[in-house]
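To start, the structure itself, in structure tokens.
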Amino acid sequence: MPALRTRVYIDGYNLYYGCLRKTAFKWLDVLALFETHILPTILYRPTPDTAPATMALHPDCAIKYFTAKIIESASKGEDSVSSQAHYHNALMTHCGGRLAFVMGHYALYKANQHIVPADDPKRWPRDCDKIQVWKLEEKQSDVNLALQLYDDALSGDIDQIVLVTNDTDLAPALEMLKARCPHIVRGLVIPTRKVGAGGDLEREANVSLAELAHWVRRHITEDELRASQLPDVVPGRRRASVKPHSWYAKPHHLAKMLEMARPVLRSEGEILKWARRDSVHLGGRRPIDLIETDAGAVEVFDYIETYIRDQLGRTGKPDDLSS
């Protein structure tokens with residue numbers, strides 16, 4: 001049986017809040033994640049007596065990523081807008097045109113909302129006072145996803161769609177696809193992780209979505225996310241896209257390394273260039289990788305401190321760390 005020509009449709013909002021928020025995995029190579037890790041694990045049989053189908057991401061457009069640009073006035077981090085821009089540029093460049101962003105937008109407006117009384121949380125909204133709040137809503141992404149998914153299914157270019165979401169608003173799109181294009185295989189990946197010692201899922205697959213899919217992948221593992229990271233620096237035509245400092249597992253370790261190495265390498269760019277190279281003095285490992293853990297960071301800091309001290313003892317001034 002020929003491999004199923006597959007396209008992945010990512011609900012960016014769901015992926016971020018289900019798998020990436022408050023993790024060190026935001027610099028995610030979604031193409032590698034699905035091509036190398038997720039699709040090869042799917043055992044979908046077209047009929048009970050056939051072998052599992054093989055799946056091949058579309059050679060031209062493998063992934064459609066649905067998201068919206070962050071509004072600076074409503075962002076939580078000072079670098080949120082620039083970090084998102086760097087990530088989008090890095091992903092587009094690294095995936096070589098096999099990924100397309102489909103952009104919606106955020107709407108920010110004031111709205112009157114009912115207050116839940118602390119002393120009577122079950123009181124009906126109509127009996128509660130109101131307060132004016134800022135409300136932030138993502139617009140068009142669900143509609144864009146549903147339309148793109150349905151249009152692609154009708155085009156004849158694909159045999160399988162893989163929807164990455166847990167949003168029940170997209171159930172009608174899958175239902176229509178099932179009715180109008182029954183030959184298209186419908187895969188569903190729930191963007192959530194296992195947590196705790198028992199490996200419990202942070203959220204279960206929505207039944208209305210799962211019932212409309214031929215197969216369901218109910219979580220994405222941390223090992224898969226960790227193994228599917230973009231290079232720290234992705235070269236571009238005009239300039240490189242660089243992983244934001246705040247997206248590292250231990251941003252404070254990065255800041256300390258930059259501070260300690262500055263007397264030796266002078267500029268942040270030179271320090272990071274050194275940190276991204278294998279170091280014979282650190283067992284062939286990269287300092288940028290070592291500072292992702294507390295133990296590794298201690299090794300890097302000790303090496304920089306010892307190196308500077310030795311250089312000062314010999315020459316009276318620090319020399320290049322890599323010399």
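In what follows, every heavy atom counts, from backbone to side chain, and hydrogens, waters and symmetry copies are set aside.
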Just checking, is any N or O donor in the side chain of [X] or [Y] under 3.5 Å from an acceptor N or O on the other one?
X: D129; Y: H114; value: no
X: K64; Y: Q148; value: yes
X: T41; Y: R217; value: yes
X: D152; Y: Y9; value: yes
X: T47; Y: D49; value: yes
X: T165; Y: D11; value: yes

Given Y106, which partner from the list K139, E137, K69, E138 fulfils the side-chain contact (heavy atoms from CB on, under 4.5 Å) test?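 Output: one option passes, namely E138.
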Given I220, which partner from the list T192, I38, L28 fulfils the side-chain contact (heavy atoms from CB on, under 4.5 Å) test?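 With I220 as partner, T192, I38, L28 yield a single side-chain contact (heavy atoms from CB on, under 4.5 Å), made by I38.
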Could you work out, with side chain to side chain contact (heavy atoms under 4.5 Å, CB included) as the rule, every residue matching R238, not counting sequence neighbours?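 Per chain and number, R238 pairs via side chain to side chain contact (heavy atoms under 4.5 Å, CB included) with no residue.
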Who are the side chain to side chain contact (heavy atoms under 4.5 Å, CB included) partners of V143, not counting sequence neighbours?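 Here the qualifying residues are L147.
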Between [Y] and [X], is the closest basic N to carboxylate O distance under 4.0 Å?
X: D157; Y: R5; value: no
X: E35; Y: R98; value: yes
X: R218; Y: E204; value: no
X: D294; Y: K250; value: yes

Heavy-atom count check: over 12 atoms from other residues, nucleotides or ligands less than 6.0 Å from R276 CZ?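 Yes, because the 6.0 Å sphere around CZ of R276 holds more than 12 heavy atoms from other groups.
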Are there more than 12 heavy atoms of other residues, nucleotides or ligands under 6.0 Å from atom CD of E72?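 Counting neighbours around CD of E72, 12 or fewer heavy atoms of other residues, nucleotides or ligands fall under 6.0 Å, so no.
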So, [X] side chain and [Y] main chain: donor-acceptor pair closer than 3.5 Å or not?
X: H253; Y: I291; result: yes
X: S83; Y: S80; result: no
X: N14; Y: N166; result: yes
X: R7; Y: V162; result: no
X: N206; Y: L209; result: no

I need the minimum non-hydrogen distance between [X] and [Y], along with the two atoms involved.
X: V189; Y: F34; result: CG2-CE2, 4.1 Å
X: P235; Y: T93; result: O-CG2, 3.2 Å
X: R45; Y: A51; result: NH1-CA, 3.8 Å
X: D79; Y: S246; result: OD2-OG, 2.7 Å

Does the plane of the ring in Y303 sit parallel, tilted or perpendicular to the ring in H281? Use 30° and 60° as the thresholds.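 Ring orientation of Y303 relative to H281: parallel.
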Look at the aromatic rings of W27 and W247 and report parallel, tilted or perpendicular, splitting at 30° and 60°.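 If you compare the ring of W27 with that of W247, the planes turn out perpendicular.
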For the atom pair CG (L212) and CG (L188), what is the distance rounded to the nearest 0.5 Å?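 If I round to the nearest 0.5 Å, the distance is 9.5 Å.
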Centre of Y248's six-membered ring, under 6.0 Å away, within 45 degrees of the axis: is that where NZ or CZ of K243 sits?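 K243 over Y248 ring: yes.
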